[in-house]
Number of protein chains: 2
Amino acid sequence: MWSVASAMKTPEKDAPADERRGRKASKETRRQQLIDATIDSLAKRGYAETTMADVAEGAGLSRGIVNFHFESKEKLLVATLQYMADEYAAHWRAALVKAGEDPARQLGALVAADFDRSICNKRKLAAWCAFWGEAKSRPTYQVLCGARDAAYQNVIVDLCRRLKEEGGYDFEPFSTALGVSAMLEGLWLRLMMGPDEVTREAAHASARDVLASIFPRHFERAMRRDRKIA
Amino acid sequence: MWSVASAMKTPEKDAPADERRGRKASKETRRQQLIDATIDSLAKRGYAETTMADVAEGAGLSRGIVNFHFESKEKLLVATLQYMADEYAAHWRAALVKAGEDPARQLGALVAADFDRSICNKRKLAAWCAFWGEAKSRPTYQVLCGARDAAYQNVIVDLCRRLKEEGGYDFEPFSTALGVSAMLEGLWLRLMMGPDEVTREAAHASARDVLASIFPRHFERAMRRDRKIA
DNA sequence: CCGTATTGAATGAATGTTCAACAAGCGGCC
DNA sequence: GGCCGCTTGTTGAACATTCATTCAATACGG
């Protein structure tokens, strides 16, 4: 009994459909399928209301299957967070490499990567936020979220240093880097919670605007007058 | 049976002790006591693991009492969030009034208020974050959190406008205001999750640093060289 | 003593986990 | 090719636990 809903719930499943159904699906494929369903459930119902039954139903499988591929609910959630952290890190690292050597281009690419559709959509943001909410009281989550931030922020600190040298700014690189990366995370939060008038593009533009204030010799201001004054 | 721990768990209980114990405690006092215990539990165990029994135990009362003063767990949590939102709003509004008429002073006061000890401590930040994590899937929470942000951000937008006029900056007020308020929220997140080396003072300094970049004619840079280069 | 706050055991619902049964693939064997 | 086990993924019902809620009994204040 395959529910049609589960097959088209997330538009980003680009794996061949015949690989995901039937008994032939490999172990790894099935694990990924369950992780996807977990993210769906976290986004739809929140952390507290996410149940094994809901995850299984979302994946179009039966209840017992989750404990077969993952030992427990805890392990499933950790694997899900690990997957999101890996995906996020791979994404910005790729963007960084593609940006070349210029630090301003690199910082711009990093920020753009944060607001890329594949990373920054309501589904994933809601899942991230669900984990953040529990991170305080769960060392495992805190480590995974912390690892995410640490590497990312080291890169931003380094970029701030190089931009400071190039542009002759007088900010404190560490402090500014902390502010910038915090702003990016805060914008994610706004995107997830705020009204719909805060779009991905608006958040990105806002980040670029602040970058233009901090690094005036490296970032151009968007200078668009088409914004509605609310 | 009064647990000693509950009496000294939170250092900020300045209400007279004899008002909080015994049967004389008024309805309102008892509600507040339970709300405090709820914040404690959210901070210590996270949203998902917060139970009625834990709240009652934290307050030094018996299990059934919560359903007497609040009808249900849901109502207790909403009341708790409402309390935190009210407290937060009252705090920054007071800071705003006290700052006088100068927009730069006002913005500085607003930012300082965000990092004030009474508001910005691990206990409350963890509770806020717990609610954020569930807000996506709970309209009631989303409304309360959203209301918090909306008023706050309108003030910041207005301050950005006035500062722009005064200083002749060329940023877009709305966009910059979004970035600034997002940064403040992001710093809260960092304070809660990040390593202990990110202190309240460091976060505040970071915010001031970015403000100095955005409004160079209104905010002085801290220019401290005592920061360790990590 | 009356009314009300409080207690704590009982209840019932929700849910994570287990497990015995089942089915699908698969390789060997006649 | 067809039959037979064997391994392994899968199922769904049964089980155990946790927890919000209820409520009759109790204790305290007035």
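A note on names: the letters A, B, ... follow the listed sequences, proteins ahead of strands, and every chain is numbered from 1.
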Exercise. Between atom NE2 in A/His69 and atom C1' in D/dT11, what is the gap in whole Å?
Worked result: 12 Å
Exercise. side-chain hydrogen bond (donor to acceptor under 3.5 Å, both in side chains) with A/Ser181: which residues, sequence neighbours excluded?
Worked result: A/Gln153, B/Arg190
Exercise. For the pair made of CD in B/Gln33 and C1' in C/dT6, what is the distance, rounded to whole Å?
Worked result: 12 Å
Seminar exercise, completed: Hits for side-chain hydrogen bond (donor to acceptor under 3.5 Å, both in side chains) against B/Asp86, two or more places apart or cross-chain, chain-then-number order -> B/Gln82
Problem set entry | Interatomic distance, A/Leu76 atom CG to A/Thr50 atom OG1 [nearest 0.5 angstrom] | 9.5 Å
Exercise. By side-chain hydrogen bond (donor to acceptor under 3.5 Å, both in side chains), which residues pair with B/Arg200, not counting sequence neighbours?
Worked result: none
Problem set entry | Nearest-nucleotide pick for A/Lys27, side chain only, options being C/dA5, D/dG9, C/dT6 | D/dG9
Exercise. Can you tell me how far C1' of D/dC28 sits from CZ of B/Arg30, to the nearest Å?
Worked result: 12 Å
Problem set entry | Base versus backbone protein contacts along nucleotides 14-21 of chain D [heavy-atom cut-off under 4.0 Å; B, S, -] | -----SSB
Problem set entry | A/Phe68 CZ - D/dT10 P separation (whole Å) | 7 Å
For this session: Using the side-chain hydrogen bond (donor to acceptor under 3.5 Å, both in side chains) rule, collect all pairs that involve residues 125-135 of chain A, keeping only residues at least two apart or in two chains.
Result: none
Problem set entry | Separation of atom CZ in A/Phe70 from atom P in D/dT10, rounded to whole Å | 12 Å
For this session: Check ring pair (Phe, Tyr, Trp, His ring centres under 6.0 Å) between A/His69 and all other residues, then give those that pass, not counting sequence neighbours.
Result: none
